[in-house]
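Comments concern the structure below.
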Amino acid sequence: MRKVDAAEWLLSMTTTPERAAATAGDLTEEAPKRGPLWFWWSLSRTTASLVWRTFAETPLLTMRVALRAFLLEVKMLALFTVILNGYIAGFSLEQRGIVLASEAMMMGCYFCVGELVARRAPGRELPASLAFFSMDQVLRIAIQALLPAESTARNPALPFLIPVLIASNLVALFAGIHLTRKQSAQARPISR
Amino acid sequence: MSNIPALGEFEQVVLLAILRLNEDAYGVTIRNEIEKCTGREPAPGALYTTLDRLEEKGLVRSRTGDPTPERGGRSKRYFTVSASGLRAVTHAQRSYQRLLEGLELPGLTCAQS
């Protein structure tokens with residue numbers, strides 16, 4: 001993926017496709033003069049500004065989509081809990097198979113959330129995803145606080161696994177967004 | 001007079017830069033013009049969000065140019081100031097001029113409108 005494509009992809013999650021393409025083009029045009037570091041720094045700042053603007057101008061709309069995504073996650077988590085309790089009860093958290101199975105389910109859940117966000121908030125996927133992710137982290141902290149201390153303390157690898165698990169969940173989320181947008185674009189071709 | 005939209009300082013700077021550039025106003029040239037005239041390098045994020053806001057207020061119009069290879073095949077988004085944009089920036093600048101009238105600032109001669 002060329003850097004202009006990456007920039008356009010990221011920006012299109014915060015604004016219209018035409019504006020995203022023009023902005024990515026502007027940054028690409030200036031990059032040879034100002035350097036690659038400037039390109040990525042400017043892209044980050046532009047994306048952050050557009051995310052903030054979406055939150056400021058359409059807070060209710062963005063939060064509604066994030067809340068829908070969160071409710072979907074809660075429903076799926078409840079379903080996973082039933083499956084895990086019903087079929088593999090008796091396994092403990094430190095068993096690798098359980099961690100992998102639950103993570104695969106979580107990735108599936110994040111993928112579905114990505115699909116929902118892309119359908120419900122086209123051009124605002126990034127702010128809605130960030131709002132969802134914040135709600136998700138609050139839920140996780142609450143679950144951790146409610147779980148008995150020994151269930152998390154028994155697995156010494158868990159603190160190291162957490163960043164990997166979060167990253168893989170986010171990859172699944174953006175894959176869901178990307179594939180849904182691709183399908184929408186194929187269904188409704190846009191001339192550029 | 002009352003239906004002329006109020007403009008922020010950076011909005012005025014952007015509108016004036018677009019007016020100076022005539023037909024060649026797009027993201028890169030607007031940034032460079034602002035930097036050249038004010039000595040300040042505007043943050044790209046601030047510039048694009050301001051341009052979007054001005055367009056949504058109807059103060060500027062945009063059109064898409066042809067894609068070029070140095071831009072990775074992406075089109076330029078050219079901006080022009082609309083009639084209401086011109087009214088708004090003129091009104092804002094008159095206000096500044098009225099504030100300046102009678103003042104003697106070092107190195108500044110106030111042009112009479």
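Excluded from the calculations below are hydrogen atoms, water molecules and symmetry mates; all remaining heavy atoms, backbone and side chain alike, are included. Throughout, protein chains are lettered first and strands after them, A, B, ... in sequence-line order, and every chain is numbered starting at 1.
- When heavy atoms are compared at a cutoff of 4.5 Å, B:N32 approaches chain A solely by way of its side chain, counted from C-beta outward.
- Contacts of A:R53 with chain B are made by side-chain atoms alone, with heavy-atom separations under 4.5 Å and no backbone atom involved.
- Side-chain contact between A:E73 and A:Y110 is present, with at least one heavy-atom pair separated by less than 4.5 Å.
- Using a 4.5 Å cut-off between heavy atoms, A:W41 makes no contact with chain B at all.
- Cluster annotation: A:L67 is connected to A:F133 through the hydrophobic network of ILVMFWY side chains, with a link wherever side-chain heavy atoms come within less than 4.5 Å.
- Your options are A:T28, A:T15, A:T16, and the one with the most heavy-atom pairs under 4.5 Å with chain B is A:T28.
- Every residue two or more places apart in sequence or in another chain was checked for a side chain to side chain donor-acceptor pair (under 3.5 Å) with A:R120, and none qualifies.
- Donor-acceptor pairing under 3.5 Å is recorded for the side chains of A:R181 and A:S12.
- At a 4.5 Å heavy-atom cutoff, the contact between B:T49 and chain A is made by backbone and side-chain atoms alike.
- Considering only heavy-atom pairs separated by less than 4.5 Å from chain B, the leading option among A:G25, A:S49, A:A24, A:A48 is A:G25.
- Residues A:L170 and A:I166 are in side-chain contact: their nearest non-hydrogen atoms beyond the backbone lie under 4.5 Å apart.
- Most heavy-atom pairs under 4.5 Å with chain B: of the set A:T47, A:L27, A:L43, A:V4, this distinction falls to A:V4.
- No other option in A:T23, A:L50, A:T46, A:D26 has as many heavy-atom pairs under 4.5 Å with chain B as A:D26.
- Two residues are said to be in side-chain contact when any heavy atoms from C-beta on lie closer than 4.5 Å; B:V13 and B:R40 meet this criterion.
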